[in-house]
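Have a look at the structure below before the remarks.
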Amino acid sequence: MDLRLRNIAVGFAVGAGLGVGGAIAYIKANGGAVPRPQQAWAMAGGRPVTQKDLEHPALKFGLPQTEQLRFFSGFVSCFDSATRNPKWVLEFISKDSLKGEGARDQSTFYEDTSIEERFRSKLADFQDSGYDRGHMAPAANHKGSQKAMDDTFALTNISPQVGAGFNRDYWARFEKFVKDVARRSDGVYVVTGPLYLPTPDADAATGRPGWRMQYPMIGKPPQLVAVPTHYFKVVLAENSSGANGGHTAALGAFVMPNAPIDPDTPLSAYAVPLDALECVAGARFFPGYVSERRRAAVDRAAVAWQEDGRRRMRILARAGLAQEQAVMLPERATVDAITASPQPTRSNNWGWGKKRDAAAAAAGGGGGADVVDVPVPKTSGGDGAIHVCELLACRLPPERWWENNGQGPSGGRKGRGGGGGGGSVDRGQSLKSRL
DNA sequence: TTTGATGT
């Protein structure tokens with residue numbers, strides 16, 4: 001890329017590039033070489049910005065700078081200086097990055113001084129804010145070296161998350177689920193980021209039905225840090241040695257509220273169509289892999305998985321979830337049309353059947369019989385892409401999985417009892433009452 | 001097979 005292009009961080013058309021003339025060659029079913037899409041940080045109408053573009057007379061004094069890319073050992077962060085949050089963080093997880101010398105207790109959170117002081121988030125912003133400094137790329141995914149783990153503690157990888165009931169609980173289990181997928185894959189790419197989602201509400205001025213955006217801010221004005229309403233992950237797991245040679249990648253998108261989540265909520269209830277996520281995020285994810293066909297196929301599966309998850313929730317919780325995700329839900333008719341021809345099956349062509357069932361049985365708590373009863377919609381017509389929920393039966397690890405084999409938490413800490421929440425001796429109970 | 005983060 002042109003050096004000048006690299007130096008000018010521009011904020012428009014993030015990830016909008018699908019390349020020129022649809023020339024992207026997608027990952028082949030035979031697991032061959034993966035050509036990268038023709039893409040640049042700055043895109044113009046579906047093509048990379050050229051040197052000639054930058055000579056536009058209006059740009060004599062440069063393009064506005066609204067967000068910036070930061071390149072770390074195991075991930076790339078796009079930092080948005082309006083919200084002082086990452087816009088997205090894209091990481092690569094391999095078997096190697098999951099184990100190594102990287103130790104969490106050797107790392108400390110630090111401000112990213114490569115971002116201008118007035119635009120970056122500060123350690124003080126999170127202090128006494130009541131929110132956790134939540135990793136987008138989790139520390140545990142980058143243990144290959146101490147440097148790799150240290151990198152994840154840069155505040156350009158951090159966003160304010162509710163601690164008790166979310167970051168330290170449901171979201172942590174979700175991160176563990178992704179790790180478990182990575183252990184059984186040949187490499188996993190994950191995009192994680194915040195969302196600011198509106199809720200249905202009458203317009204105050206006109207009284208008409210509409211939408212309202214509302215989210216807290218922390219820190220000190222005018223340099224406030226936004227507190228996102230939701231977080232998303234898009235997971236792309238490669239499998240170069242898939243059974244039957246059919247499937248080469250598992251793909252899926254999830255959106256969760258930045259709030260305590262009932263630990264019994266099925267993970268599949270938070271599966272969303274990638275298309276819906278891309279609409280509310282204003283971003284295209286994995287443009288070098290996600291063709292229209294693959295997205296359509298995986299999104300049909302996503303709707304089916306979400307429906308299945310919701311069916312397993314209590315009616316009140318289900319209604320709450322629908323309210324939470326209202327802005328992402330398709331019209332009722334669309335849902336009905338998509339789910340009209342479900343294809344339940346327990347097998348997939350990933351070649352992990354046994355592992356999946358064993359892991360699901362271990363995670364399910366209810367034993368194998370419970371797992372067998374779960375219908376697993378099979379992605380079809382996805383050019384080698386299946387939905388992530390077809391792996392590990394879309395089951396989260398159990399609560400406090402790290403205590404399972406006799407050993408308590410390594411720190412052996414007592415409850416904090418502070419206003420920040422969490423860490424009480426009987427946390428599970430107090431969490432329930434919080435919901 | 002070992003997540004997560006606070007505060008002194």
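Side-chain atoms are counted along with the backbone in the values below, which use heavy atoms only and exclude waters and symmetry mates. Numbered from 1 within each chain, the chains take letters A, B, ... in sequence-line order. If you're wondering where the values come from, they're calculated on a predicted model, not measured in any experiment.
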Looking at dT6(B), I'd like to know if its phosphate oxygens (OP1 or OP2) sit under 4.0 Å from a side-chain N or O belonging to Arg133(A). yes
Any side-chain N or O of Lys179(A) less than 4.0 Å from the OP1 or OP2 oxygen of dT1(B)? no
For residues Arg70(A) and Ser114(A), is any side-chain donor paired with an opposing acceptor at under 3.5 Å? yes
Donor-acceptor side-chain pairing of Ser107(A) and Gln146(A) below 3.5 angstrom: yes
Is any side-chain N of the basic residue among Arg120(A) and Glu111(A) closer than 4.0 Å to the acidic one's carboxylate O? yes
Base, sugar-phosphate, or nothing for Phe109(A), non-hydrogen atoms under 4.0 angstrom? sugar-phosphate
Just how far, in rounded Å, is [atom2] of [N] from [atom1] of [X]?
X: Ile93(A); N: dT3(B); atom1: CD1; atom2: C1'; answer: 14 Å
X: Arg173(A); N: dT3(B); atom1: CZ; atom2: P; answer: 15 Å
X: Phe166(A); N: dT3(B); atom1: CZ; atom2: P; answer: 18 Å
X: Glu175(A); N: dG4(B); atom1: CD; atom2: C1'; answer: 8 Å
X: Phe177(A); N: dT1(B); atom1: CZ; atom2: C1'; answer: 16 Å
X: Ile218(A); N: dT6(B); atom1: CD1; atom2: C1'; answer: 14 Å

From dT2(B), dG4(B), dT6(B), nucleotide with atom closest to Asp132(A) side chain: dT6(B)
Side chain of Trp401(A): nearest nucleotide among dG7(B), dT3(B), dT2(B)? dT3(B)
Atom CD of residue position Gln214(A) - does it have more than 12 heavy atoms of other residues, nucleotides or ligands inside 6.0 Å? no
